[in-house]
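None of the values given here were measured: they were computed from a predicted structure. Chain letters run A, B, ... following the sequence lines, proteins first and then strands; every chain starts at 1.
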Amino acid sequence: MRNLLNFLFNYGYWILFLLLEIISFMLLFRFNSYQGSVGFTSANWVAGHIYTASANVSSFFKLHTINTQLTQRNIELQAENKALRETLQTLMPDSTLDALSHSLDKLGYTAYPCQVINNSLNRPDNYITLNKGAADGVKPEMGVVDGNGIIGIIYLTSEHYSLAISLLNSKSSISCKFKQNDYFGYLKWKGRDSQYAYLEDLPRHALFQKGDTIVTSGHSAVFPKDLMVGTVDSISDSRDGLSYLLRIRLSTDFANLNDAVIISNKHQKEQHTLEEKAIQEQ
Amino acid sequence: MIITFIRRFGWFWLLVFVQALILNNIHLFGYATPFLYAYLILTFDANMSRYSLLLWGFALGLAVDIFSNTPGVNAAATTLLAFTRPSLLRLFTPRDSAEDFSPGIRTMGISPFIRYITFALIIHQTALVMLVTFSFADPLTMLLKVVAGVFITGLCILGLEWGRK
């Protein structure tokens, strides 16, 4: 007995060490599948508040670049607006604007503006913290975009914050297609450079060339169709030679994220249940 | 007693915030991120009990994890660092030093201190990089990350030591 007590007294720290390491590894492994783990991320209440304060400061310093971008975008939109207005006037003479806004609503998407309060670029799996959460109506699996293109997909939500899987994450896989035709593939990120991602599983007979624009396909119901993703930077073959592997230059500047929009599809649940039902009945 | 605790507590949060808000955003050459928070574990008093070292290490790692969305990674690595620290310290301290001292340039001398933090940081960085990557597919990149991390973290720790002198 004495020996045992002596042993425990002298080597008990081994047990504590192993216990703490086991807890760490449990956190590490469960994070991937465990909804409750949101408390151990920057989407929890305390970390969220601190990052909000920090984002407020840093967004102030980004204002200059963002202003230039906005002006640029404004000019483009004004030109586009003018062109569209002219076409509209020639095509349909009266009371068509009502019909137009009505059809947008029919598409069934709602937008929640939000701010990026934490973001990383250089890890193998990057996440983005946003300052809108469950209380604002944000739910997992909603899409996140900014003015330049898509950013990621909501993964976990707490009361007032949410954590999104960035495009720059090995778990991210987004269905994308060419703007000019409907050949589609899956957009994956392979680490390292935050400006480039890869489009996989594109069929051999697809027609395209360098510099073509890639947009979302709308298949997944997370993103509406035709949101900007990037442009084709270089073309190569997949490892098995059965499809193309395209290097895509992303249109979103992940190093400079500030304002974003969370998109929710009203019909997403309906599409999910339908698809699952179809799989079950096979 | 209580004053030491408050001092440690203050350092704890200071290092966590500096890590979360500033250092996590640094990636020199795409590889090197300073993990300055290890400084807290490295400079605890030499006669501190192994139990409280382990608990401080775990808590510190977990706090950094929560801010960097890497649950478990820093906690595991820092617990390992806290576990190996007493042996490392015994290895690198001069024989004639007092029982109770806080490791630093002043107490240990510059060259033993550098050797001590280098070895400790190699352990910490290797664990960190391995847990973050979680595959041996690219050993060269991992090695580069470890070396770069040890170098830049070491520089930051030395800078902080000199600043406190």
**Q.** Which atoms of A:Ser54 approach chain B - backbone, side chain, both or neither, heavy atom under 4.5 Å
**A.** side chain
Q | Proximity breakdown for A:Phe17 and chain B, heavy-atom pairs closer than 4.5 Å | A | both
So for [X], is it side chain, backbone, both, or neither that comes closer than 4.5 Å to the heavy atoms of chain A?
X       : result
B:Ala82 : neither
B:Thr33 : neither
B:Leu80 : both

Q: May I ask you to name which of A:Leu121, A:Asn119, A:Ile50 has the most heavy-atom pairs under 4.5 Å with chain B?
A: A:Ile50
**Q.** Minimum-distance pair of heavy atoms, taken over all atoms of A:Pro124 and B:Val132
**A.** CD-CG1, 3.6 Å
Q. Looking at B:Ala76 and A:Phe25, what are the two nearest heavy atoms and their distance?
A. CB-CE1, 4.1 Å
Does [X] reach the side chain of [Y], with side-chain heavy atoms less than 4.5 Å apart?
X        : Y       : value
B:Leu62  : A:Ile23 : no
A:Ser120 : B:Asn69 : no
A:Asn118 : B:Phe67 : no
A:Tyr13  : B:Leu53 : no

Could you give the distance from [atom1] ([X]) to [atom2] ([Y]), rounded to the nearest 0.5 Å?
X       : Y       : atom1 : atom2 : answer
B:Thr78 : A:Leu20 : OG1   : CG    : 11.0 Å
A:Ile22 : B:Thr79 : CD1   : OG1   : 11.5 Å
A:Glu21 : B:Leu54 : CD    : CG    : 9.0 Å
A:Leu16 : B:Phe58 : CG    : CZ    : 9.5 Å

Q | Reference residue A:Leu28; test side chain to side chain contact (heavy atoms under 4.5 Å, CB included); the match among B:Val73, B:Asp65, B:Thr70 | A | B:Val73
(Q) Quick one: does any side-chain atom of A:Arg123 pair with a main-chain N or O of B:Ser68 as donor and acceptor, under 3.5 Å? (A) yes
Q. Does OH belonging to A:Tyr186 count more than 12 external heavy atoms closer than 6.0 Å?
A. no
Q.
Counting only heavy atoms not in B:Phe119 (residues, nucleotides, ligands), do more than 12 fall under 6.0 Å from its CZ?
A. no
